[in-house]
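Whatever order the structure lists ligands and atoms in, that order sets their numbers, starting from 1.
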Amino acid sequence: MHPTANQIRRQFIDFFVKKYGHKEIPSASLIPENDPTVLFTTAGMHPLVPYLIGESHPAGKRLANAQKCVRTDDIDEVGDTTHLTFFEMLGNWSLGDYFKEEAIKSSFELLTLPWERGGFGLDKTKIAISCFKGDSDAPCDKESAEIWKSLGIPDERIAFLPKKNNWWGPAGQTGPCGPDTEMFYWTPPNDAPKNFDSDDGKWVEIWNDVFMQYNKKPDGTFEPLKQKNVDTGLGLERLVAILHGKPSHYETELFAPAMEKIKELSRVGREIESGYIRSSRIIAD
Ligand code: SER
């Protein structure tokens, strides 16, 4: 039996709460408060911006949550097997507390520990990684790559990619942002290829660890934030599809019952049904 989506969400939060002293915080509203620059909460970081720039959070420096998001940026990709409009982003947060080493090690631990020991039991031979390649705003993130290598991820499974792929934020035009390292999982049932190809959609991005350490200024330049933060985002629906061995999130328990009901109530569903009855009668006659 597979764990349910509710159990998977709980496993994520409990891992960080029980093992690494994070406080669970509720999801913020999908409609952002006090932010006229966006219509919806688009990412886990969005409601936490004040705390990433130094305001102290009432629950402390280590937080974990499941944030409801509508990712308007993804609209053109919605309808494939991995992109949704509305989804839940599981996140652990360090507000000026731990940084790269602890973030990456705990991500790897949670992904690969067996379920009974508090993890998701993913196969580490099917994991690949991307790190920020560096540009004139920020250096190449060799440090993250070294940490991944120390955990057993081979060189050929680590790609260095530009800002377009491996940089997060700011949520609007200015504010906290930084390079990230992303975790990909080989979704087909066969062995993963030796080399990681980030353009091959069978490698699905499941989680990112963002190192929010810069502030983007109105003139487009970057300055260091006064604290170094970690913001991670693991897509619940993608993880459920992987743990349930389904090729698409629409085939998981999160969507399949609703899709079935729509089919049943819709004209298309009834036509399929009556077509089936007609043809079975013909066969029976
Ligand atoms: N890690 C976050 C996300 O991917 C950014 O807040 O949504």
Side-chain angles (χ1 to χ4, degrees), residues 9 12-13 15-16 22 25-30 32-33 35 37-53 55 57 61-75 77-78 82-100 102-104 106-108 110-111 129-132 138 141 144 161 163-185 198 204-216 225 227-240 242 249:
R9 188 192 299 102
F12 180 94
I13 307 259
F15 176 85
F16 286 103
H22 291 58
I25 57 166
S27 172
S29 166
L30 254 191
E33 286 170 35
D35 187 350
T37 64
V38 282
L39 288 173
F40 298 107
T41 297
T42 56
M45 69 167 283
H46 206 152
L48 291 168
V49 165
Y51 312 104
L52 295 167
I53 56 178
E55 198 175 303
H57 193 286
K61 292 181 170 197
R62 294 180 173 218
L63 311 174
N65 64 352
Q67 175 61 48
K68 302 181 192 81
C69 301
V70 168
R71 192 154 284 185
T72 40
D73 280 2
D74 284 348
I75 293 272
E77 286 156 297
V78 170
T82 55
H83 292 86
L84 296 164
T85 43
F86 171 81
F87 66 95
E88 285 183 66
M89 188 59 99
L90 304 172
N92 58 291
W93 303 84
S94 158
L95 303 172
D97 189 353
Y98 59 86
F99 203 48
K100 291 186 182 177
E102 195 165 340
I104 292 174
S106 58
S107 294
F108 184 73
L110 176 54
L111 288 180
I129 299 298
S130 65
C131 298
F132 179 57
D141 189 5
S144 291
L161 302 176
K163 241 201 201 96
K164 183 165 81 67
N165 309 80
N166 281 74
W167 188 275
W168 249 97
Q173 296 302 309
T174 58
C177 55
D180 78 350
T181 180
E182 304 189 351
M183 289 147 261
F184 294 76
Y185 199 68
S198 61
V204 172
E205 186 208 332
I206 47 174
W207 198 356
N208 61 27
D209 288 357
V210 186
F211 305 115
M212 290 273 168
Q213 60 186 123
Y214 295 102
N215 176 45
K216 187 170 184 189
L225 282 176
Q227 67 190 37
K228 290 182 174 177
N229 311 283
V230 173
D231 145 11
T232 87
L234 171 59
L236 174 69
E237 295 77 0
R238 289 187 186 183
L239 182 62
V240 172
I242 289 169
H249 43 212

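- Listed by number with element, the atoms of ligand 1 under 4.0 Å from a non-hydrogen atom of Met89 are 3 (C), 4 (O), 7 (O).
- From the protein, the heavy atom lying nearest to atom 4 (O) of ligand 1 is Asn208 ND2, 3.0 Å.
- Looking at Met45 next to ligand 1, an N or O pair under 3.5 Å apart turns up.
- Exactly one residue among Lys61, Arg62, Lys228, His22 makes a side-chain hydrogen bond (donor to acceptor under 3.5 Å, both in side chains) with Asp97. That residue is Arg62.
- Residue contact check: Thr232 has heavy atoms under 4.0 Å from atoms 1 (N) of ligand 1.
- Taking a cut-off of under 4.0 Å to the non-hydrogen atoms of Gly233, the atoms of ligand 1 that pass are 1 (N).
- A donor-acceptor pair is defined here as one N or O able to donate and one able to accept, closer than 3.5 Å; such a pair exists between the side chain of Arg71 and the backbone of Thr42.
- Counting protein heavy atoms only, atom 7 (O) of ligand 1 is closest to Arg71 NH2, 2.6 Å.
- Ligand 1 places these atoms under 4.0 Å from at least one heavy atom of Val210: 1 (N).
- Note: no N/O pair closer than 3.5 Å links Trp93 and ligand 1 by distance alone.
- Scanning the protein heavy atoms around atom 5 (C) of ligand 1, the nearest turns out to be Asp231 OD2, 3.1 Å.
- Every heavy atom of Gln67 sits 4.0 Å or more from the atoms of ligand 1.
- Side chains of Phe211 and Val230 form a contact here, defined as non-hydrogen atoms less than 4.5 Å apart.
- Under the 4.5 Å side-chain criterion, counting only non-hydrogen atoms from C-beta, His46 is in contact with Val38.
- Looking at Thr181, its side chain does come within 3.5 Å of a backbone N or O of Ser130 through a donor-acceptor pair.
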